[in-house]
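Before any comments, here is the structure.
Here is how names work: the chains are called A, B, and so on, in the same order as the sequence lines, proteins then strands, and each is numbered from 1.
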There are 2 protein chains.
Amino acid sequence: MEIRIGDLAKRSGCEVVTVRYYEKEGLMPKPARSGGNFRLYGDAHIERLQFIRHCRSLDMTLSEIRTLLGLRDNPTQDCGGINVLLETHIQQVEMRVAALLQLRQHLVNLREKCSGSRPMEACGILNGLSDSNCHVARSKQSNL
Amino acid sequence: MEIRIGDLAKRSGCEVVTVRYYEKEGLMPKPARSGGNFRLYGDAHIERLQFIRHCRSLDMTLSEIRTLLGLRDNPTQDCGGINVLLETHIQQVEMRVAALLQLRQHLVNLREKCSGSRPMEACGILNGLSDSNCHVARSKQSNL
DNA sequence: ATAGCTCTCTATAGTAGCTATAGAGTCAAG
DNA sequence: CTTGACTCTATAGCTACTATAGAGAGCTAT
């Protein structure tokens, strides 16, 4: 049961180019090739790509996924590392939510400053944006 | 009162390279030059850069900021366009928050699946990630 | 004047995770 | 035998910067 890259992509809900990209990045192993130099994939490839895509749908970075795949390929150890990775990831997501909610509040405050159609010079929003004293506090890398 | 790029950057809380980048992108006008070919800035530049940085701190894209600057430089019309832009931006932020909260729930569910230190094959998290039936629903471009 | 130091200049490449394009080859059906 | 769908490689583009190299400007201390 050997399928080509288009089928593999379809079954995993991603683009053909993305599969090749994962191969280049070392997340997917180099597959066998047909006589005409087409990539040929089997069940293990399908499962692995679905694993990757599922991790991506959980917004993990390729680097995190690489780590998970490494742990998975190396099943002698215990799985404490996986718990740590997931816990860290959850915390990052929660921090991002908090930052976005703060941001939303700033934007809503700004929106209140102009009700509608005034001449440009009187627009409270523009003036609010010009006001250099009301910058949003941000850490070094915002991670919104 | 003419300052050089380092001072300008310091006053606006960004890097020197970022100022040059904004110039290349057409957000900042090309400034006058000194005899030694150094960029020289005045008050208008300072105000404009602070405006840009404030918008960035509100997570607006450079493209959105370009639009705002265009509206600002063209003060004959009324300011309805600014309201629309801001409203759209707030909605994008709210969608992102919603998506992240969903994502967080998925991650927390996954975390429940493995309490601690089992051998790798039994790790509920890895098995949960392999399960292709539990992908997170995502629109075309996730915008997390 | 010369050394040392900080600031500035241009140009280029790298970051993440793809997406898009060009130009060529493969393969099955009509 | 040609059409069409699929695949191949290689390269450039996207966002908003960051990092690097190598050279010049301008000030202070000797």
message: Distance check needed: dT8(C) P versus Asn37(B) CG, whole Å only.
response: 13 Å

- prompt: Please give, in whole Å, the distance from dT9(D) C1' to Tyr21(A) OH?
  reply: 17 Å

field: Atom pair CD1 (Ile3(A)) and CZ (Arg39(A)), whose distance is rounded to the nearest 0.5 Å
entry: 13.5 Å

- request: Send over the distance from Lys24(B) NZ to dC14(D) P, rounded to a whole Å.
  value: 11 Å

Atom pair distance, as rounded to whole Å: OH in Tyr41(B) and C1' in dC7(C): 14 Å

message: Base, sugar-phosphate or nothing for Glu15(A)? Non-hydrogen atoms, less than 4.0 Å.
response: sugar-phosphate

message: Please tell me if Arg4(B) has a side-chain N or O lying less than 4.0 Å from either OP1 or OP2 of dA25(D).
response: no

- prompt: Would you say a side-chain N or O of Arg39(B) is under 4.0 Å from OP1 or OP2 of dA25(D)?
  reply: no

message: Using the rule that Ile, Leu, Val, Met, Phe, Trp and Tyr join whenever any side-chain heavy atoms are under 4.5 Å apart, tell me whether Val17(A) and Met28(A) fall into a single cluster.
response: no

Side-chain N or O of Ser34(A) closer than 4.0 Å to phosphate OP1/OP2 of dT26(C): no

- request: Mind calculating the distance between OH (Tyr22(A)) and C1' (dC18(C)) to the nearest angstrom?
  value: 8 Å

- request: Starting from C1' on dC27(C), measure out to CD1 on Ile3(A) and report it in whole angstrom.
  value: 18 Å

task: Let me know, please, whether Ser63(B) or Phe38(B) comes out on the 5' side of the other along DNA chain D by nearest nucleotide.
output: Ser63(B)

- prompt: Can you check whether Met60(B)'s main-chain N or O pairs, donor with acceptor, with Arg56(B)'s side chain at less than 3.5 Å?
  reply: yes

statement: Here the distance between atom C1' of dC17(D) and atom CZ of Arg20(B), to the nearest Å, is 13 Å

- prompt: Are Val108(A) and Val97(B) linked, directly or through other ILVMFWY residues, by side chains that come within less than 4.5 angstrom of each other?
  reply: yes

task: Look up atom CD in Glu112(A) and atom CG in Leu107(A), then write down how far apart they are to the nearest 0.5 Å.
output: 11.5 Å

task: Would you indicate which nucleotide in dT9(D), dC7(C), dG17(C) comes nearest to any side-chain atom of Arg33(A)?
output: dT9(D)

query: For dT19(C), does either OP1 or OP2 sit under 4.0 Å from a side-chain N or O belonging to Thr18(A)?
result: yes

Rounded interatomic separation in angstrom, taking CG from Leu40(A) and C1' from dT26(C): 12 Å

- line: Between Arg66(A) and Gly36(B), whichever has its closest DNA chain C nucleotide further toward 5' is Gly36(B)

